[in-house]
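One structure is given here, and the rest of the page talks about it.
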Amino acid sequence: MSRGLGAVAVRLKDFMEKHPTQSFSTSELCRHVYPGQKVQKKHRVSVLRALRTLVRREGLEIWYLILRHEKADAEWFGRKCTLRPKAAERLRL
């Protein structure tokens with residue numbers, strides 16, 4: 001039996017709801033969830049899992065853009081972002 005959203009998902013949900021028209025890289029989201037810590041792979045994995053949980057449980061509409069053949073962060077967009085690129089995809093389960 002689920003006890004609800006975890007701490008990371010709650011922080012991400014609040015952050016995305018406060019900034020619905022902006023886009024963020026994975027590193028920026030990690031720095032918000034884990035302030036004062038160097039971003040490591042475990043932080044990235046935790047944030048990505050929490051984003052998927054938000055889509056699955058809360059029904060949030062989250063879009064992302066990954067540049068192919070580039071070693072860069074993914075860009076994450078809320079549903080109200082006005083500058084969503086054509087190549088952006090909706091996060092699915």
Shortest non-hydrogen contact from [X] toward [Y]:
X	Y	result
Ser23	Glu28	O-OE1, 4.1 Å
Ala50	Val8	CB-CG1, 3.6 Å
Val47	Leu12	O-CD1, 3.7 Å

I'd like to check His19 versus Phe24 (side-chain heavy atoms, cut-off strictly below 4.5 Å). Are they in contact?
yes

Would you give the length of the straight line joining atom [atom1] of [X] to atom [atom2] of [Y], rounded to the nearest 0.5 angstrom?
X	Y	atom1	atom2	result
Ser25	Arg44	OG	CZ	7.5 Å
Gln37	Cys30	CD	SG	10.5 Å
Met16	Arg11	CE	CZ	15.0 Å

Please list, chain by chain and in numerical order, all residues satisfying side chain to side chain donor-acceptor pair (under 3.5 Å) with Ser46, sequence neighbours excluded.
Tyr34

Apply side chain to side chain donor-acceptor pair (under 3.5 Å) to Glu17 and list each qualifying residue two or more places apart in sequence or on a separate chain.
none

Apply side-chain contact (heavy atoms from CB on, under 4.5 Å) to Glu58 and list each qualifying residue two or more places apart in sequence or on a separate chain.
Leu5, Lys13, Leu54, Leu60

Count I, L, V, M, F, W, Y as connected when their side-chain heavy atoms are under 4.5 Å apart, and connections chain through other members. Are Val39 and Val45 then in the same cluster?
no

